[in-house]
Q: 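Structure in structure tokens, see below.
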2 protein chains.
Amino acid sequence: MYTVFTMSQASRDRYRHGDLRQALLEAGLDMAREGGPDAIVLREATRRAGVAPNAAYRHFADRSELVRAVSDRALAELAEGIEARFDAVPADADPVAHAHGLLRAVGEGYLDYAFREPGLFRAAFTVPADLDRAADPVRGSARGRTPLVLLGVALDAMVEAGALSAERRPGAELLAWSSVHGLACLALDGPLRALDPATVAATGERLIAMVVRGL
Amino acid sequence: MYTVFTMSQASRDRYRHGDLRQALLEAGLDMAREGGPDAIVLREATRRAGVAPNAAYRHFADRSELVRAVSDRALAELAEGIEARFDAVPADADPVAHAHGLLRAVGEGYLDYAFREPGLFRAAFTVPADLDRAADPVRGSARGRTPLVLLGVALDAMVEAGALSAERRPGAELLAWSSVHGLACLALDGPLRALDPATVAATGERLIAMVVRGL
DNA sequence: TGACATTGTGAACACTGTATACATCGGGTC
DNA sequence: GACCCGATGTATACAGTGTTCACAATGTCA
């Protein structure tokens, strides 16, 4: 519940900030974008919002709560990125090709976001979270679909097309997710950091193909 | 190059610590074991060594250098863990089964260490590093074999046994590594954190099977 | 013995997250 | 319209961090 806002535009800028929570979140997103979740610093956020350091505590109980809010937004952005590719998969192909296309869309969208927004990607996942959170529509796309949900849809399509046996379906999300996520981790903070983008992209393609084949 | 040490045992404990570098490293390992790389704090290390905060700077240029030293040790420990399973694979089986066994040994050893020593595992990888470092014998087992090298041996065996085509061999390390590493990431810091160990272990087995099948 | 490099100490700085007390404002009630 | 109250900001302070500078103690070697 947010209180309705009736202050004049002028009085906004004086004492009351207006929407400090949003401003802090935005600052947090900027910092995460540049340096990942560890680069989110409360005081700097208040500084950018032009406000005293402890004003942040009127909107976030804790630094970690700001980080989590940033993480939520990053997760939603990721979901949008995946969904765009997901929805672009041609529907008129044969069922197996279609299912493969969906699965590839999820994997490619995932990796694409990871390398386009490394800081935010890390913020999305290097944060206390659980499976419920990963499936909560609040953190999904505008249509409420999280990456995990989209992956599930793709896998269901695989089963329906006969490209994946029903008994292998349960838990298959974790297998596909792990593979793609691992590459992102290794290439973002890990030992593959120095790998050139082209090689990483090619490896991503091979990885997705491997998952499709091995599931 | 280290200077030879000729002080008496008694005089060691007074002014000169004796082996402060080692003591700091040990303290760093303890802290990382409990809370991962972020839990490594320089001042606390000096405190545990019974020494002034800035004494650390005689042995490490930087906090990050201590973290890296801890990371190196963790990487070596991981290598030992994998190597133990690796060497335990029976050699008299048929070539394909043997190669599969080696690959499974690497994957299982990797995951086993990740869940047995989550803090150290994260310290090993959440640190600036590159591929050279991951293949440097200095950071390997006592026999100088790093996890990456062991994985390479297993994959070579796959090719020799005819279980993996030669043209798919180059870069296959990255595929196998990513898959297994991803599960570890998701289950340690990520959204799978709350997953019960049994499920994680079972997923690990399925994941390795998927890699063997899909490579 | 005396110069010297090594390795420790002391004090300080800038920075962080966070708590406690206080000021200021807007909106709802008599 | 006066008044109180909850919401939201400020001032100040504290403990903790990494890091630096000047200095002291120590062992080594000419």
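FYI, side chains are in, hydrogens and waters are out, and symmetry mates aren't considered; it's all heavy atoms of this structure. If you're wondering where the values come from, they're calculated on a predicted model, not measured in any experiment. In what follows, chains are A, B, ... by sequence order, proteins preceding strands, each numbered from 1.
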Q: Which residues within residues 56-68 of chain B lie with some heavy atom under 4.0 Å of an atom in DNA chain D?
A: B:Tyr57, B:Arg58, B:Asp62, B:Arg63
Q: Any salt bridge linking A:Arg48 with A:Glu44? Criterion: basic side-chain nitrogen under 4.0 Å from a carboxylate oxygen.
A: yes
Q: Can you pull out every side-chain hydrogen bond (donor to acceptor under 3.5 Å, both in side chains) where at least one residue sits in residues 183-192 of chain B? Sequence neighbours excluded, please.
A: B:Arg122-B:Asp189
Q: Sub-3.5 Å donor-acceptor pair from the side chain of B:Arg85 to the main-chain atoms of B:Ala105, do we have one?
A: no
Q: Which whole-number value in Å describes the distance from A:Asp38 CG to C:dT16 P?
A: 14 Å
Q: Measure the spacing between CG of A:Leu78 and OG1 of A:Thr146 and express it to the nearest 0.5 Å.
A: 9.0 Å
Q: Can you pull out the residues from residues 39-52 of chain A that lie within a 4.0 Å heavy-atom distance of DNA chain C?
A: A:Val41, A:Leu42, A:Arg43, A:Arg47
Q: Could you check whether any side-chain heavy atom of B:Pro197 comes within less than 4.5 Å of a side-chain heavy atom of B:Phe115, counting everything from C-beta outward?
A: no
Q: A:Arg21 CZ to D:dA7 P: how many Å, rounded?
A: 15 Å
Q: Please state whether the rings of B:Tyr110 and B:His181 are parallel, tilted or perpendicular, taking 30° and 60° as the class boundaries.
A: perpendicular
Q: Evaluate B:Tyr113 against B:Leu120 for side-chain contact (heavy atoms from CB on, under 4.5 Å), listing each step before the verdict.
A: CA-CA 9 Å; B:Tyr113 185 78; B:Leu120 290 178; 3.4 Å; yes
Q: Evaluate the side-chain hydrogen bond (donor to acceptor under 3.5 Å, both in side chains) criterion for residues B:Glu83 and B:Ser141: first the C-alpha distance (whole Å), next the side-chain angles of each, then the deciding distance (0.1 Å), finally the verdict.
A: CA-CA 7 Å; B:Glu83 197 172 52; B:Ser141 66; 2.9 Å; yes
